Amino acid sequence: MSSLTLYYKEARYDLLSIVRTPAFVLPALAFPLMFYLFFGVFFRSGGGADYLLVTYSCFGIMGPAMFNFAAGIASDRAHGWLTLKQLSPMPFSAYLLGKLSTSLVFSVVILALLFSTGAGLGDVVLSYGQWLLLAITILVGTLPFALLGLLLGLSLSDKAAPGVVNLIYLPMAFLSGLWLPLFLFPDWLQQLAWLWPSFHLSQLGLKVIAQDLGFSWFSHLGALLLMSILLALACARRFRQM
């Protein structure tokens with residue numbers, strides 16, 4: 001069996017296992033769409049549909065990446081599947097890339113739902129180039145959240161992982177200004193937003209529609225790269241300790 005076939009099969013089986021789990025699929029797809037419909041379409045006062053489209057898109061892609069890696073890997077560790085994967089001839093990178101591909105598939109579906117809702121119901125008007133650049137920016141931004149989920153999955157038990165992900169995921173989204181614009185927050189909370197990868201990703205997305213805070217795109221991209229490298233190093237260290 002060729003290496004390409006191994007990677008394809010691992011990605012396919014991981015996606016199928018998640019699709020057959022309604023407790024994962026329904027919240028992952030419904031929550032960002034529901035929140036955007038409420039706050040970005042139906043109950044907004046004046047404009048803001050395009051701004052919230054970006055921030056809820058960032059919120060939407062965070063969940064599948066963090067939960068699929070954290071809960072999935074913690075469960076595989078608890079049941080011995082992770083050890084079996086390591087001992088098998090299959091490259092372990094196929095296992096990780098399979099989970100990443102599943103996260104990206106969910107992210108694409110979430111973006112398609114939000115973008116079509118924004119354009120159809122929220123009167124969001126962007127050029128084709130802006131739609132494409134926004135989608136690429138947010139999809140690439142999945143990586144640091146996948147790495148954070150991987151670190152949690154390698155560190156936590158299968159029972160603790162989902163709860164801990166929620167304790168990180170939801171406050172991080174709120175404190176990054178994904179639910180409410182940052183200017184509504186106290187100054188000290190606005191400063192703390194720089195600690196979160198979700199803030200930097202949303203600022204890169206908002207820069208596409210010229211509604212960011214005005215800082216250089218390089219500063220946000222550099223912060224995301226630095227966070228991704230640190231998380232990858234932490235994952236590698238934790239993996240060696242297993």
Side-chain angles (χ1 to χ4, degrees), residues 14-72 99-126 128 130-146 148-149 162 165-182 184 196-199 201-206 208-209 211:
D14 187 77
L15 179 60
L16 286 175
S17 69
I18 295 299
V19 169
R20 292 168 180 170
T21 310
F24 177 90
V25 175
L26 295 179
L29 299 181
F31 282 173
L33 179 60
M34 179 181 67
F35 289 155
Y36 180 65
L37 280 171
F38 284 164
F39 301 112
V41 176
F42 298 141
F43 301 131
R44 77 180 192 272
S45 56
D50 49 356
Y51 180 97
L52 291 175
L53 174 64
V54 174
T55 59
Y56 279 117
S57 294
C58 295
F59 170 67
I61 62 95
M62 290 166 58
M66 293 179 66
F67 277 100
N68 187 32
F69 273 87
K99 291 201 169 296
L100 181 61
S101 68
T102 295
S103 301
L104 289 173
V105 167
F106 271 84
S107 296
V108 168
V109 174
I110 290 167
L111 291 185
L113 290 171
L114 289 173
F115 283 14
S116 57
T117 302
L121 299 177
D123 299 322
V124 176
V125 179
L126 301 177
Y128 290 117
Q130 285 177 307
W131 286 115
L132 180 60
L133 182 57
L134 182 59
I136 292 173
T137 299
I138 294 175
L139 288 175
V140 173
T142 302
L143 180 60
F145 304 105
L148 178 56
V165 169
N166 272 321
L167 287 175
I168 296 173
Y169 165 52
L170 298 178
M172 179 167 59
F174 176 74
L175 295 173
S176 300
L178 302 189
W179 295 352
L180 296 170
L182 273 177
L184 298 176
W196 315 116
S198 42
F199 165 75
L201 178 59
S202 67
Q203 287 300 304
L204 286 174
L206 289 169
V208 174
I209 63 171
Q211 293 197 36

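Only a predicted model underlies this, so the values are computations on that prediction, with no experimental measurement involved. Quick note: numbers below take in every heavy atom, side chains included, and nothing from hydrogens, waters or symmetry partners.
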Straight-line distance of S198 OG to L148 CG, nearest 0.5 Å = 10.0 Å

Student check: side-chain heavy atoms of L15 and F106 closer than 4.5 Å | yes

Measuring from F145:CZ to N68:CG, what's the distance to the nearest 0.5 Å?
-> 15.5 Å

P27 versus P32, closest heavy-atom pair with distance | O-CD, 3.9 Å

Of all the heavy-atom pairs spanning T142 and S103, show the shortest one and how long it is.
-> CG2-CB, 4.4 Å

So with a 6.0 Å cut-off around CZ of F31, is the heavy-atom count from everything else above 12?
-> no

Heavy-atom check, side chain of P64 versus side chain of I110, under 4.5 Å = yes

Residues in side chain to side chain contact (heavy atoms under 4.5 Å, CB included) contact with I136, at least two apart in sequence or another chain | L132, V140

Y51 side chain vs G40 backbone, donor-acceptor pair below 3.5 Å = no

Quick check: does any side chain N or O of Q130 sit under 3.5 Å from a backbone N or O of I209, one acting as donor and the other as acceptor?
-> no

Provide the closest heavy-atom pair for F69 versus G149 in the form atom of the first, atom of the second, distance.
-> CB-C, 3.5 Å

Quick one: closest heavy-atom pair of G177 and T55, and the distance?
-> O-CG2, 3.9 Å

Do the side chains of S57 and L53 get nearer than 4.5 Å, heavy atoms only?
-> yes

Residues that S101 engages under side chain to side chain contact (heavy atoms under 4.5 Å, CB included), provided they are two or more places apart = A11

L180 side chain reached by F174 side chain, heavy atoms, under 4.5 Å | yes

Distance (rounded to the nearest 0.5 Å) between Q203 CD and T137 OG1 | 12.5 Å

At what distance, to the nearest 0.5 angstrom, does CG of L121 lie from CZ of F42?
-> 6.0 Å

Point-to-point distance, once rounded to the nearest 0.5 Å, from OG1 of T117 to OH of Y36 = 7.5 Å

Smallest heavy-atom separation, G205 atom then V54 atom, equals C-CG1, 3.6 Å

Decide yes or no for F199 and L175: does some side-chain heavy atom of the first lie under 4.5 Å from some side-chain heavy atom of the second?
-> no

Which atom pair, heavy atoms only, marks the closest approach of P144 to G141?
-> CD-O, 3.2 Å

With sequence neighbours excluded, residues passing side chain to side chain contact (heavy atoms under 4.5 Å, CB included) with L167 = none

What residue pairs, at least two apart or across chains, pass salt bridge (charged side-chain N to carboxylate O under 4.0 Å, His left out) with a residue in residues 52-67?
-> none

Name all residues meeting the ring-ring contact (aromatic ring centres under 6.0 Å, His included) criterion together with Y169; count only those two or more places apart in sequence or in a different chain, and write none if there are none.
-> F59, F67

Any side-chain heavy atom of M62 sitting closer than 4.5 Å to one from L201?
-> no

Does the W179 side chain pair with the main chain of A173, one donor and one acceptor, at a distance under 3.5 Å?
-> no

So how far is it from L206 CG to C58 SG, rounded to the nearest 0.5 Å?
-> 7.0 Å

Side chain to side chain donor-acceptor pair (under 3.5 Å) involving T102 - partner list, sequence neighbours excluded = D14

